[in-house]
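Atoms within a ligand are numbered from 1 in the order they appear, just like the ligands themselves. Sequence positions, counted from 1, serve as the residue numbers for this chain. From a predicted model like this one, the values you see are computed outputs, not experimental measurements.
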Amino acid sequence: MSRTFIVAIDGPAGAGKSTVAKKLAKRLGFALVDTGAIYRCVALEASRRGVPLDDDARLGELVAGIQISFAAVGGESRVYLGGNDVTAAIRAPEVSMGASKVSARPVVRQGLLGLQRRLALAAEQGAVLEGRDIGTVVFPDAEAKFFLDASPEVRARRRHAELGEKGVEASFEEVLADQNRRDRDDSSRELAPLRAADDAIRIDSSEASIEEVLLRLEAEVRSRMARRG
Ligand code: DC
């Protein structure tokens with residue numbers, strides 16, 4: 001039997017990855033692994049334990065013992081850290097900044113590789129992973145790779161609306177500035193910087209609706225699944 005079918009969706013914040021990944025996983029009956037949520041859990045746990053975000057020794061210990069799981073509850077995807085539901089807590093702006101910081105630490109990226117791979121390969125049918133380096137580092141041999149992008153303004157507008165829906169207060173300007181800073185950090189770090197894999201299908205979602213993007217990804221995955229048999 002061939003291994004679990006892996007779909008990698010990479011791209012910058014606000015490109016529509018989360019929505020598309022969630023819906024795609026549901027339509028295909030695949031597990032969803034939100035790897036950004038994993039980095040967010042590390043940042044949240046570090047802040048709860050008072051671990052400085054540049055203390056590699058303590059971050060290494062924290063990552064080695066971290067317990068993260070995902071579950072679909074009533075059609076909603078929930079994130080658990082040590083058994084507690086942290087779905088809302090990990091979306092706070094300070095956790096976003098913390099996640100960007102810890103994701104630049106090699107000890108954290110290395111320490112989370114096994115967890116990301118295990119969570120995906122445990123899925124029976126297949127798994128959709130969304131992140132920044134899935135197609136380049138976590139699963140360079142993924143069966144399907146996509147790189148989703150959109151203009152900075154469109155991405156910030158989406159993020160701003162999303163935060164508003166969740167009751168998080170932030171101005172559009174703050175969201176855009178925050179996003180620009182994170183984009184710069186994410187793309188300029190030495191280890192696993194944000195970039196499309198050479199064999200990724202690039203999609204710009206600035207002008208396209210979520211449904212249009214989704215249909216394109218679904219068609220591509222289904223055709224590859226059929227070819228694989
Ligand atoms: O997608 P997100 O906003 O939830 O990601 C949170 C942070 O984690 C973001 O700054 C980028 C980082 N990240 C990463 O470096 N590698 C991944 N595979 C996923 C996220």
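- Counted within 6.0 Å of CD on E211, heavy atoms from surrounding residues, nucleotides or ligands total more than 12; the atom is thus considered enclosed.
- Taking 4.0 Å as the cut-off between side-chain N and carboxylate O, E162 and R158 do not count as a salt-bridged pair.
- Side-chain atoms of S206 come within 3.5 Å of backbone N or O of S151 as a donor-acceptor pair.
- Other residues, nucleotides and ligands contribute at most 12 non-hydrogen atoms within 6.0 Å of the CG atom of D198.
- Ion pair R3/E143 flagged as a salt bridge, since at least one NZ, NE, NH1 or NH2 atom sits closer than 4.0 Å to an Asp/Glu carboxylate oxygen.
- Sorted by chain and number, the heavy-atom contacts of ligand 1 below 4.0 Å come from T35, G36, Y39, R40, R91, A99, S100, S103, R109, G131, R132, D133, R159, R182, D186, R189.
- Under the 3.5 Å distance criterion, with hydrogens and angles disregarded, a donor-acceptor pair is assigned to the side chains of S96 and R40.
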